[in-house]
Amino acid sequence: MDTSTEGNPTEGTVGEMRVKYVFRRKKTKGHDRDGNPLVYALKEMNGYRMQPMYHKMLYTRADDILNTFVHELDVDLLMDVPSSKQLCFTFAERVAQASGLPLVASTFLRKRTVGEVIDGIDAEFPQFQKDRQEKLFKAQLGELRRVDREFDFQMKEVSKQMRRFFQPFTLVGDVPDLYGKRIALIDDLVSSGTSIISVAQCLREQGALVERGVCLLSDLDLRND
C-alpha cells in the first residue's frame, strides 16, 4: 500500500467514470484480491483491528491528499456506495468535509436478494459473443440457483470476470430527485469495480449524471492513465 503524498492521488477509469484514488494498492499474495491486512483492519474483518492512533494518522494523510483534488470534482453532490461496513460512509463524510459538497446517503439503495437477481437475469438473459463466456456464466448462475432465494446477494461469491453480468442493487423507499444532478460516487475500495458501476447504473436510470468517483483504496491492476 502506497500512502505517501508523493505517490498519490492516482486516477483511472471504472466503467464510464473517472475515479480518483487516495491510496494506491500495489500487490497482493494468493487469490484473495482484497486480502490486505490494512483493508481488513479498516473494515474490522477477520480479526484485524487498527489502534485509534493509527486510524487518526491514516485519515490525516488521506485528508491531505483529498485536499489536492476534491475542489476540482465539478459535481453537485456526493453519494456513498452502499456497504455493510461503516468504512465507506465514514470516508464519504471526509470527502464531503474536504470538498464542501453535500453528501446524500444511499439509503434508498439496497442489495438485491438472490431471488431478485435470478429473476432479473431470467427476464433479460445476457447476450454473449463467445460460447466459453456463456458456459461460464451459466455455471455461475447454476451455483446461484442453489442458494436460498431470500438471502442477500453477495457479489464476492461471483468470479470477477462474471460480475458485470449481475446487478446487485435496487431502489427502495423514497428516492430523491436526481434528474440532471452531477454525482460523484464515493467508495472505500475498488476490486472489480462492479459495485460502483452498478450504483452508477441505478442513478443514471433516474436521470443523474455520474461521471466521477473517489475511492480510498485503488484497484490492484490500476494503470494511472
Side-chain angles (χ1 to χ4, degrees), residues 1 12 14-15 17 19-25 28 32-50 55 58-59 62-63 66 70 73 75 77-99 101-114 116-117 147 151-158 160 163-164 166-176 178 183-206 208 210 212-220 222:
M1 184 82 70
V14 180
M17 287 174 289
V19 178
K20 285 279 193 178
Y21 303 103
V22 175
F23 298 136
R24 181 172 184 171
R25 294 193 299 156
T28 189
D32 181 358
R33 292 180 49 79
D34 299 337
N36 183 308
L38 177 59
V39 175
Y40 288 150
L42 287 169
K43 293 188 173 186
E44 298 188 346
M45 294 172 58
N46 299 346
Y48 286 87
R49 296 289 186 274
M50 184 180 289
H55 256 293
L58 188 71
Y59 279 122
D63 290 342
L66 282 170
V70 288
L73 287 175
V75 296
L77 57 91
L78 311 172
M79 187 175 299
D80 62 302
V81 172
S83 174
S84 60
K85 303 296 181 182
Q86 184 63 25
L87 174 61
C88 185
F89 191 75
T90 297
F91 176 59
E93 289 179 314
R94 298 192 85 92
V95 179
Q97 183 176 9
S99 65
L101 291 164
L103 172 62
V104 176
S106 59
T107 52
F108 58 92
L109 287 166
R110 68 161 174 82
K111 282 190 175 182
R112 287 181 166 182
T113 64
V114 168
E116 288 172 329
V117 171
V147 178
F151 285 0
D152 285 344
F153 175 70
Q154 300 293 327
M155 186 64 83
K156 64 184 178 182
E157 302 299 332
V158 177
K160 185 183 176 184
R163 290 180 183 181
R164 62 193 178 95
F166 294 83
Q167 170 53 276
F169 296 107
T170 189
L171 300 170
V172 64
D174 294 327
V175 180
L178 302 174
I183 300 174
L185 288 176
I186 313 301
D187 206 354
D188 52 18
L189 167 72
V190 167
S191 181
S192 66
T194 306
S195 293
I196 196 169
I197 291 171
S198 298
V199 171
Q201 179 182 333
C202 286
L203 300 181
R204 290 184 184 123
E205 290 171 357
Q206 300 301 305
V210 189
R212 300 302 301 268
V214 180
C215 288
L216 180 62
L217 307 174
S218 78
D219 181 10
L220 286 166
L222 175 66

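Computed over heavy atoms, backbone and side chain alike; hydrogens, waters and symmetry mates excluded.
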> Do side-chain atoms of E116 reach the backbone of T113 as a donor and acceptor pair under 3.5 angstrom?
yes
> For D188, what residues pass the salt bridge (Lys or Arg N to Asp or Glu O under 4.0 Å) criterion, not counting sequence neighbours?
K43
> Given side chains that start at C-beta, do those of L101 and V75 come closer than 4.5 Å, heavy atoms only?
yes
> Do the side chains of L73 and V214 get nearer than 4.5 Å, heavy atoms only?
yes
> Under 4.5 Å between any side-chain heavy atoms of L78 and L185, yes or no?
no
> Is the closest side-chain heavy-atom distance between I186 and M79 below 4.5 Å?
no
> With a 3.5 Å distance limit and no angle check, can you tell me whether R212 reaches the backbone of K20 through a side-chain donor-acceptor pair?
no
> Can you name the closest pair of heavy atoms from Q167 and R112 and give their distance?
O-CD, 3.3 Å
> Go through the structure and list residues passing side-chain contact (heavy atoms from CB on, under 4.5 Å) with Y48, not counting sequence neighbours.
P37, Y40, A41, N46
> For L103 and D80, which heavy atoms make the closest approach, and how far apart are they?
CD1-N, 4.1 Å
> If I compare all heavy atoms of V190 with all of R25, which pair ends up nearest, and what's the gap?
O-NH2, 3.0 Å
> Which value, rounded to the nearest 0.5 Å, describes the distance between L216 atom CG and F23 atom CZ?
6.0 Å
> Only counting residues at least two apart or in another chain, list the ones meeting side-chain contact (heavy atoms from CB on, under 4.5 Å) with V172.
R110
> Taking all heavy atoms of C215 and all of I196, pick out the closest pair and write down the distance.
SG-CD1, 4.3 Å
> Among all residues two or more places apart in sequence or in another chain, which pass the salt bridge (Lys or Arg N to Asp or Glu O under 4.0 Å) test with R49?
none
> For residues 84-97, run the donor-acceptor check on the side chains, cut-off 3.5 Å, and write out each pair with its distance to 0.1 Å, sequence neighbours left out.
residue, atom, partner, partner atom, Å
T90, OG1, Q86, O, 3.1
R94, NE, D63, OD1, 3.1
R94, NH2, D63, OD2, 2.6

> Between the side chain of R163 and the main-chain N/O of T194, is any donor-acceptor distance below 3.5 Å?
no
> So, taking the atom named CG in D187 and the one named CG in L217, what distance separates them when rounded to the nearest 0.5 Å?
9.5 Å
> Please enumerate all residues that pass side-chain contact (heavy atoms from CB on, under 4.5 Å) together with P82, with sequence neighbours excluded.
S106, L109, F169, V199
> Which atoms form the tightest heavy-atom contact between F153 and K111, and what is the distance?
O-CD, 3.8 Å
> Quick check: do L178 and F108 have side-chain heavy atoms less than 4.5 Å from each other?
yes
> Do you know which two heavy atoms are closest between S218 and Y21, and how far apart they sit?
CA-CD2, 3.3 Å
